[in-house]
Amino acid sequence: MTATTVPAGPAPPPAPERGGGRGLRTRLRKEAALAYVLLLPALVLFGAFSFYPFLRNFKLMLYETPPVPGLPSRYVGLHQIIPTITSTQFTQSLVTTIIFVILVVPISLLLGLALAVAAHRKLKGMAVYRVIFSSTVVSSVAVASVVFGTLLNPVVGLLPWLGINPTPPALENTTWALPSVALITIWQFLGLSFIIMSAGLQSVPDELLEAARIDGAGSWTRFWRMTVPLLSPTIFFAVVVSTIYAFQAFGAVDILIGNQNAVRLHTNVLIYNILNTLQIESNPGAAAIMATVLFLIILGLTLLQLRFLERRVSYAR
Amino acid sequence: MAQVSFDGVTKRFGDTTAVDDLTLSIPDGELLVLLGSSGCGKTTALRLVAGLEEISAGTVSIGERVVNEVDPKDRDVAMVFQSYALYPHLTVAKNIEFPLRQRGVDKEERTTKVKRAAETLGLGDLLGRKPGQLSGGQRQRVALARAIVREPLVFLMDEPLSNLDAALRVQTRADIVELQNRLKTTTLYVTHDQVEAMTMGHRIAVMSEGKLQQVAAPEALYAKPTNVFVAHFLGSPGMNLVEGMLVESASADASGGGGRGTLSVAFAGASVPLPAEVADSVRGSGPDVVLGLRPEALHLSPDGVIGASVIIVELLGAETHVICHTETGARIIVRQGAGAPKPRIGEPVRIAVEPDPEAYHLFDSSSGNRLGGP
C-alpha cells in the first residue's frame with residue numbers, strides 16, 4: 001500500500017462542524033499547556049536534583065583529576081574506568097558491601113516475617129504491637145545510630161551490662177564493626193519488612209488455611225506448604241527492596257564509624273567509599289565511575305523485580 | 001459414615017450469639033440443608049462441626065464421638081467452601097491429592113484415588129492445570145473432588161453453588177444430589193436459597209437469628225410452616241401474610257353445622273371465611289391473628305372475598321405474579337396460570353381463596369407461631 005492509494009469503501013463522513021472540531025483541538029492544546037505548567041515545579045526539582053546530577057555523573061566519568069590540587073581536570077575518555085573498578089580500594093569496598101547485604105537481608109526479612117506472623121493473629125491489643133513493629137520505618141538513621149551507638153558503648157551501653165565486652169569495643173573492632181552497623185540497618189529495615197510481610201499475609205485467604213486445616217495439615221505444614229508459597233511474590237519483592245536498601249547504606253557507617261576510626265576500611269561500603277573518593281581524595285572521576293557501578297547493580301535488581309511482578313499476574317486466583 | 005448431632009449448642013462471639021441452643025440430629029446418610037438468611041448462624045453451625053470455631057456451650061458429636069475438643073483434621077469431615085478455597089499454587093491433581101498426602105496415604109493408593117475422584121467429577125483432562133486456569137464450574141468440581149477423595153464421615157458444604165451462574169447452578173445442584181445419593185455420606189449443606197433447599201434436602205432446618213425455627217422434610221415444611229418466619233421464607237414468592245381478627249358470625253348458621261357460626265378472619269376491606277376444619281382447630285385463639293395464604297392458593301375472581309388493587313404484574317412465562325395492595329396497604333401476591341387474563345395496573349380486583357383447608361395458615365399475631373395443631 002502506498003500513501004496515494006484511495007481508500008476503498010465509503011468516504012469518511014465530513015467533520016460535523018468545522019468550528020466545533022477546531023474548538024476541541026484548541027481546548028486539548030490548552031489542557032496540555034496547563035498540564036505542563038502544573039508539572040513544572042516537579043520537573044524543576046527532578047531536573048535540578050535528579051536528572052542533572054545523573055547526567056553530569058556520566059560526564060565526570062570521562063575526566064581525570066590530577067592528584068595535585070589546583071590543576072585542571074583532564075579528558076581521558078573511558079581510560080580510567082578499568083583501573084578504577086579493578087583497584088583494591090573499590091573491590092574491597094564492593095566485597096564489604098556484599099557481606100553487609102548478606103548480613104542485613106536474610107535476617108531483616110526473617111524477623112519481619114516472624115513478627116508479621118505473630119501480629120497476624122486476631123488478638124486484642126494487636127494493633128498496638130503492629131504500630132510498635134512498624135515504627136522503625138519512621139525513625140531517622142541519625143537517631144537510630146545515636147541510640148545504637150550508646151547501646152554499644154563499652155562504658156554506659158547495654159553490651160557491658162549484658163557482660164559482653166569485646167576488646168577493642170564493638171565499633172572499633174575489626175570483627176564486630178560491620179555486624180554492628182548491619183544490626184542498626186536490620187533494625188531500621190525491620191519496620192518496612194514487617195509492613196510488607198503483613199500486607200502479604202493479609203492477601204492469603206483465611207479459607208485456604210482453614211481448608212488445609214480440615215484436609216489434615218498441621219500448623220507447620222500450613223505455614224510451609226500454603227502460606228510461604230502464596231507469600232513468595234511478597235518475599236521476592238521484599239528481598240529486592242531490602243537488597244537495594246542495604247546497597248545504599250550510608251548513614252549508620254558515617255555516624256558510628258566515620259573517617260577517623262581505625263576500622264573504617266572494614267566498614268567501607270560503596271556509598272561511603274564514593275563519598276570519600278570525592279571529598280577526601282578529591283577524585284570526582286573515580287567517584288562517578290563507582291556511582292555508575294552501583295547504579296547498574298540497582299538497575300539490575302529493579303529489572304529483575306519488574307520481570308517477576310509481570311509473572312506474578314498469572315499467579316492470581 | 002455417621003450421624004451428626006448438635007446438643008444444646010451455643011456459639012457466642014463477644015456479645016453476639018451466633019448459634020443459640022441448637023439441638024439437631026442428622027441421621028447417617030441424610031442430606032440436611034441448613035437454610036436461613038445471611039447472619040442467621042447457619043455457616044457458624046457448619047464451622048462448629050468442622051472444628052473451625054470453638055463451641056461456647058453444648059456438644060457436637062460425629063457418630064458416637066463428642067468432637068468438641070477434637071482438632072479439625074481428626075474429625076474426618078470434608079468441607080466445600082463458598083470460595084472453593086483451592087490451593088492456587090498446586091495443580092488440580094495436587095489439590096485433590098492434598099488431604100490424602102496429609103494423612104500419609106501411600107503414593108500408589110493416592111494416584112488411584114485421585115484418578116477415581118477426578119473421573120467421578122469429569123476432571124480427567126484438567127489434572128495438570130492450576131486453579132487459576134479453570135472456570136468457576138470446574139473449580140467447584142475440583143473442590144468437590146477434594147472433598148470426596150478421602151471418603152470422609154461427613155460432608156460440609158457452605159453455599160457451594162452461590163458463585164456459579166444460574167444455569168450451571170441448576171446443573172451442579174442435580175450433580176451434588178446424585179453424588180450424595182451414590183456415596184450415602186451424611187451431608188450438611190448450608191444455603192440461603194430456598195429453591196436449593198427445597199430441591200436438594202432430605203430435610204431442611206430453617207434458622208433465624210441463631211435459633212432453629214423448624215426442621216422437617218421439604219413438603220412438610222412447605223405445607224405446615226411452624227411460624228410466620230418459615231412461612232414467608234419458603235416459597236417463591238413467599239406466603240402472603242395479612243394481619244386480621246378472628247370474628248364469629250351467626251349469619252351462616254345453616255351451613256356451619258353443630259349450631260356454630262362461621263369463623264372468619266376480618267381486615268379492612270375483606271372478611272375471609274375459614275373452612276370448618278380450620279375454624280374448629282383455631283376457635284378460641286386470637287382474636288388477633290396473621291392469616292397466611294400462598295400465592296398459588298389465590299386467584300382473581302369477581303366473587304372473591306378480598307378487595308384490592310393491582311400494583312405490579314410480573315410475567316414469568318408459565319405463570320404471572322399479580323402484586324396487589326389491599327385497602328390497608330397489605331401486599332398480596334396472586335400467582336396466576338399462563339391462561340388467566342392479565343389485569344391492568346391500578347385495576348380494582350377481587351381475590352378468591354381456594355376452598356381447600358390446606359390453603360389456610362393461621363398464626364398467633366404476637367408470637368408468630370402457628371395456630372391449630374402442628
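Keep in mind that what you see is a predicted model, and the values were worked out from it rather than measured. So you know, we letter chains A, B, ... as the sequences are listed, proteins then strands, and number each from 1.
Comparing B:Gln102, B:Lys73, B:Arg146, B:Met79 by heavy-atom pairs within less than 4.5 Å of chain A, the highest count is held by B:Gln102.
Of the two parts of B:Arg75, neither the backbone nor the side chain holds a non-hydrogen atom closer than 4.5 Å to a non-hydrogen atom of chain A. Contact annotation for B:Leu134: neither backbone nor side-chain heavy atoms come within less than 4.5 Å of a heavy atom of chain A.
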Output side-chain donor-acceptor pairs under 3.5 Å for residues 211-226 of chain A, partner residues at least two apart or in another chain, one line each.
from: A:Asp215; atom 1: OD2; to: B:Tyr87; atom 2: OH; distance (Å): 2.7
from: A:Arg222; atom 1: NH1; to: A:Ala217; atom 2: O; distance (Å): 2.9

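The number of heavy-atom neighbours closer than 6.0 Å to OH of A:Tyr129, taken from other residues, nucleotides and ligands shown, is 12 or below.
Partners of B:Glu53 according to the salt bridge (charged side-chain N to carboxylate O under 4.0 Å, His left out) rule, which considers only residues two or more places apart in sequence or in another chain, are B:Arg47.
Between B:Arg173 and B:Glu196 there is no salt bridge, since no side-chain nitrogen of the basic residue lies less than 4.0 Å from a carboxylate oxygen of the acidic one.
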